[in-house]
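Written out below as structure tokens is the structure these notes cover.
A note on names: the letters A, B, ... follow the listed sequences, proteins ahead of strands, and every chain is numbered from 1. What you see below is based on every heavy atom in this structure, not just the backbone, and it leaves out hydrogens, waters and symmetry mates.
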Amino acid sequence: MVRVRFAPSPTGYLHVGNARTALFNYLFARKHNGCFLLRIEDTDRERSAVEYEKALLEDLHWLGLDWDEGPDVGGNYGPYRQSERVHLYRQLSEKLLQEGLAYRCYCTKEELQERKEKALAEKGNAGYDGRCRNLTRTQIAAYEKEGRKPVVRFLVPSETIEVNDLIRGHVVFEGETISDFVIVKSDGLPTFHFAVVVDDLLMQITHVIRGEDHLSNTPKHILLFRALKAPLPQFAHMSMTLGPDRTRLSKRHGATSIRAFKEAGYLPEAFFNYLALLGWASTEGQEIFTREELIREFSLKRCSKTAAVFDHQKLLWMNGLYMRKTPPARLLELSLPLLQAQGLLPAQPETKLLARCERLIALEQEKFKTLSDIPERIGFFLKPPVYDPELVEKYLTPAARQILSELATVLENQPEFQPALLENTVRSFCQEKNYRPALVFHPLRVAISGMTKGPGLFEMMALLGKEETLRRLGSVLRNETFRTGKDGGAGPAA
RNA sequence: GCCCCCAUCGACUAGAGGCCUAGGUCACCACUCUUUCAAGGUGGUAGCACCGGUUCGAUUCCGGUUGGGGGCGCCA
């Protein structure tokens with residue numbers, strides 16, 4: 001039975017890199033009908049916060065991941081929060097202490113720092129010097145009397161440690177290059193290294209899939225597994241996610257939290273798909289996958305060893321692709337909060353209005369790249385247009401107005417505002433008067449929508465309806481609306 | 001400084017000794033479609049970091065150099 005875990009620490013919002021790690025673990029688990037579990041690594045009292053844990057779960061859910069065991073859903077290997085497992089760590093660290101595989105270290109941070117700088121300058125070795133390895137009883141008693149609170153260090157044996165990584169292959173480390181690391185902090189809480197190993201062993205994790213930044217930590221973990229006489233899980237270290245400048249992805253690169261992408265209007269399925277393509281590729285070169293296809297195709301063997309640059313452009317392209325194939329009804333549902341926040345729709349919109357919005361979304365669907373484009377592109381319909389002085393100058397020239405006023409008269413007599421009929425009318429108008437269609441179409445578009453882009457002109461007029469179309473046209477011809485470029489819409493209410 | 005990993009177009013990648021005149025996707029450019037913005041179609045620009053081996057033959061295997069990333073915390 002495959003058992004994998006995602007183990008974030010609640011010290012911030014879910015990050016793109018971490019989300020990708022979570023995703024790969026999820027895909028691997030589902031592919032092998034295994035267990036995907038969520039463990040909260042909150043042993044850093046300073047930085048951990050419950051709000052972040054909550055946010056973490058929300059963001060993971062938004063991405064479309066679900067887990068079989070975790071702090072919220074329970075399971076047979078709980079608790080799933082490290083802060084609730086301290087008794088387990090204590091038990092095992094005591095055991096290591098008794099067996100002589102670990103020892104108490106009384107060095108203070110200041111002493112450590114000082115010796116480290118010296119060692120670095122002299123020998124180029126930054127690790128712990130092993131000073132407390134063989135303290136005598138009297139030395140210990142003296143330290144205790146001073147009131148020093150010891151940490152527990154693992155006694156690293158000088159042997160060769162081999163890692164058979166599922167992605168990186170065979171990697172060798174020498175014990176000499178690893179210094180005795182801390183497994184229990186002076187506050188009694190385990191360090192990351194100890195907690196992961198104890199938890200992975202107790203939770204019977206079979207595959208540890210994590211970022212490459214942990215590759216160098218792996219020999220430590222292997223040593224601990226051995227010391228605890230536990231079988232080793234398999235390791236798989238995924239390549240890192242980098243920013244465009246090839247450094248670790250961080251705030252400097254703009255949006256990096258999953259939450260930020262959600263707020264920017266990205267669709268979870270598109271994000272899911274894009275993330276899967278970062279450092280992984282299918283044999284066939286297929287790039288667009290449903291969740292099920294991804295689960296079927298996924299394999300650690302096809303994971304790239306090279307660090308991958310997170311590419312917003314490709315994400316945006318892919319999101320647009322998903323936007324185009326998402327049913328308009330769902331698009332409306334997802335963008336409703338945005339439309340309301342911008343005051344384009346009331347809190348309780350009538351079903352009739354919603355139906356027209358959906359229709360408009362369908363009309364404009366192929367142009368949306370993100371959900372945030374929806375308010376921008378359909379706003380003209382929901383509130384009076386705001387006229388950009390530049391567009392006015394360019395398209396609503398005196399000549400154009402003359403044409404529009406002639407056209408307005410024609411449209412007054414148009415009984416039905418149906419796209420095909422309107423097109424017919426306007427085109428024959430052009431022909432009769434010998435106007436170049438472009439000279440009519442563009443000013444008309446700007447006059448009724450305030451934009452040079454938008455749905456098909458006649459669809460737009462039909463959707464707006466005769467009354468509103470003529471009202472907007474009239475208002476433009478009477479010069480009522482051109483003062484409103486800045487303060488937003490003193491035109492007639494929609 | 002020491003240890004580890006990595007190295008194909010600007011980006012993501014395919015490639016596991018001859019199938020490579022190095023393929024696909026994003027981006028970019030051109031053309032096309034078109035009442036606008038898109039989307040679509042067609043075509044194009046662009047890459048095996050470098051130096052040595054091994055081999056009849058290296059993008060592919062080995063070694064080195066360079067470059068990038070990561071680790072060396074009482075952070076995770």
Would you tabulate the pairs of protein nitrogen or oxygen atoms and nucleotide nitrogen or oxygen atoms of nucleotides 13-16 of chain B closer than 3.5 angstrom?
unit_1 : atom_1 : unit_2    : atom_2 : d
U13(B) : OP1    : Gly279(A) : N      : 2.7
G15(B) : OP1    : Arg302(A) : NH1    : 3.4

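- A distance of about 13 Å separates the C1' atoms of A58(B) and A16(B), rounded to the whole Å.
- Remark: Arg104(A) does not engage Glu144(A) in a salt bridge, criterion side-chain N to carboxylate O under 4.0 Å.
- Evaluation of atom-type donor-acceptor distances gives a pair under 3.5 Å for the side chain of Ser186(A) against the base of C74(B).
- G1(B): Watson-Crick or G-U partner is C72(B), with both key distances under 3.5 Å.
- Using a 4.0 Å cut-off between a side-chain N of Lys or Arg and a carboxylate O of Asp or Glu, Arg359(A) and Glu459(A) do not qualify as a salt bridge.
- Of the residues listed (Arg248(A), Glu212(A), Arg20(A)), the one engaging Thr241(A) in a side chain to side chain contact (heavy atoms under 4.5 Å, CB included) is Arg20(A), and it is the only one.
- Residue contacts shown for His237(A) are absent, as no nucleic acid heavy atom lies under 4.0 Å away.
- For the OP1/OP2 pair of G71(B) and a distance below 4.0 Å, the side-chain nitrogens and oxygens of Lys220(A) include no atom meeting the criterion.
- The aromatic rings of Phe429(A) and Tyr435(A) are tilted relative to each other, their planes meeting at an angle between 30° and 60°.
- Taking the C1' atom of each, C9(B) and C48(B) are spaced 10 Å apart, rounded to whole Å.
- Rounded to whole angstrom, the span from the CG atom of Asn217(A) across to the P atom of C5(B) amounts to 14 Å.
- Within the 4.0 angstrom heavy-atom criterion, base atoms lie near Thr452(A).
- Using a 4.0 Å heavy-atom cutoff across all strands shown, Phe458(A) reaches at least one base atom of the nucleic acid.
- Between the CD atom of Glu212(A) and the C1' atom of C3(B) there is a distance of 13 Å, rounded to whole Å.
- Using the six-membered ring where Trp is involved, His442(A) and Tyr395(A) have ring planes that are tilted, between 30° and 60° apart.
- The pair Glu468(A)-Arg472(A) meets the salt-bridge criterion, since a charged nitrogen lies less than 4.0 angstrom from a carboxylate oxygen.
- Between G71(B), G40(B), C74(B), one nucleotide has an atom nearer to the side chain of Arg248(A) than all others, and that is G71(B).
- U25(B) and A46(B) have their C1' atoms separated by 15 Å, given to the nearest Å.
- With respect to the salt-bridge test (charged N to carboxylate O, under 4.0 angstrom), the residues Asp200(A) and Arg5(A) qualify.
- At least one side-chain nitrogen or oxygen of Lys116(A) sits closer than 4.0 Å to the OP1 or OP2 atom of G73(B).
- Among the nucleotides C75(B), G71(B), C74(B), the one closest to any side-chain atom of Asp44(A) is C75(B).
- One can find a donor-acceptor pair under 3.5 Å joining the base of C37(B) and the side-chain atoms of Lys367(A).
- Atom name P, nucleotides U42(B) and A49(B): the rounded distance is 31 Å, in whole Å.
- Glu41(A) comes within 4.0 angstrom of sugar-phosphate atoms only, judged by non-hydrogen atoms across all strands, and of no base.
- OP1 or OP2 of U35(B) has not a single side-chain nitrogen or oxygen of Arg436(A) nearer than 4.0 Å.
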**Prompt:** What string of B, S and - do you get for nucleotides 23-28 of chain B, 5' to 3', when a contact is any protein heavy atom under 4.0 Å?
**Reply:** -BBSS-
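- At whole-Å resolution of the value, CG in Leu242(A) and C1' in C5(B) are 13 Å apart.
- Evaluated for a salt bridge (charged side-chain N to carboxylate O under 4.0 Å, His left out) with Asp129(A), the options Lys116(A), Arg153(A), Arg115(A), Lys118(A) yield exactly one hit, Arg115(A).
- C4(B) atom C1' lies 16 Å from atom CD1 of Ile167(A), rounded to whole Å.
- Contact annotation for Arg377(A): base contact, defined as any heavy-atom pair under 4.0 Å involving a base atom.
- Nucleotides U32(B) and C12(B) are separated by 34 Å at their P atoms, to the nearest Å.
- Here the side chain of Ser179(A) is nearest to one of G73(B), C6(B), C12(B), namely G73(B).
- The separation of U54(B) from G63(B), taken at their C1' atoms, amounts to 11 Å, rounded to a whole angstrom.
- When both pairing distances are held under 3.5 Å, A58(B) makes no Watson-Crick or G-U pair with any nucleotide shown.
- No donor-acceptor pair under 3.5 Å is formed between the side chain of Tyr143(A) and the backbone N or O of Cys107(A).
- The partner of A49(B) is U65(B), by the rule that a Watson-Crick or G-U pair needs both atom distances under 3.5 Å.
- As judged by a 4.0 angstrom heavy-atom cut-off over every strand, Leu457(A) is placed among the base-contacting residues.
- Of the candidate nucleotides A76(B), U36(B), C4(B), C4(B) has the atom nearest to the side chain of Val171(A).
- Contact annotation for Thr11(A): no contact, since no heavy-atom pair falls under 4.0 Å across all strands.
- Side-chain N/O atoms of Arg246(A) include one lying less than 4.0 angstrom from OP1 or OP2 on C12(B).
- Side-chain atoms of Arg168(A) stay outside donor-acceptor range of the base of C6(B), with no qualifying N/O pair under 3.5 Å.
- Ring geometry for Phe36(A) versus Trp67(A): interplanar angle over 60°, hence perpendicular rather than tilted (30 to 60°).
- With a 3.5 Å ceiling on both atom-pair distances, the Watson-Crick or G-U wobble partner of U25(B) is A11(B).
- Using a 4.0 Å cut-off, no side-chain N or O of Lys305(A) falls inside it from OP1 or OP2 of C5(B).
- Judged by Watson-Crick or G-U wobble contacts below 3.5 Å, the nucleotide A38(B) has no partner.
- As judged by a 4.0 angstrom heavy-atom cut-off over every strand, Val172(A) is placed among residues touching the sugar-phosphate backbone only.
- Atom name P, nucleotides A27(B) and G17(B): the rounded distance is 34 Å, in whole Å.
- At whole-Å resolution of the value, CZ in Phe441(A) and P in C37(B) are 14 Å apart.
- Between the side chains of Arg210(A) and Thr218(A), a donor-acceptor pair is found at a separation under 3.5 Å.
- Classified by interplanar angle (parallel below 30°, tilted 30° to 60°, perpendicular above 60°), the ring pair Tyr13(A)/Tyr52(A) is perpendicular.
- Going from the C1' atom of G53(B) to that of U60(B) covers 15 Å, rounded to whole Å.
- Residue contacts shown for Pro219(A) are absent, as no nucleic acid heavy atom lies under 4.0 Å away.
- Considering only side-chain atoms of Thr177(A), the nucleotide from C3(B), A76(B), G70(B) that sits closest is C3(B).
- In terms of phosphate contacts, Arg210(A) brings no side-chain nitrogen or oxygen within less than 4.0 Å of OP1 or OP2 of A76(B).
- Among the atoms of the strands shown, none is found under 4.0 Å from any heavy atom of Thr218(A).
- Considering only the side chain of Thr191(A), C74(B) comes nearest among C74(B), U35(B), A38(B).
- At a threshold of 4.0 Å, the pair Arg131(A)-Glu111(A) does not count as salt-bridged, since none of the basic side-chain nitrogens sits closer than that to a carboxylate oxygen.
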**Request:** Any chance you could lay out the side-chain contact (heavy atoms from CB on, under 4.5 Å) test for Arg168(A) and Ser239(A), step after step, and finish with the verdict?
**Result:** CA-CA 9 Å; Arg168(A) 318 230 142 222; Ser239(A) 59; 4.0 Å; yes
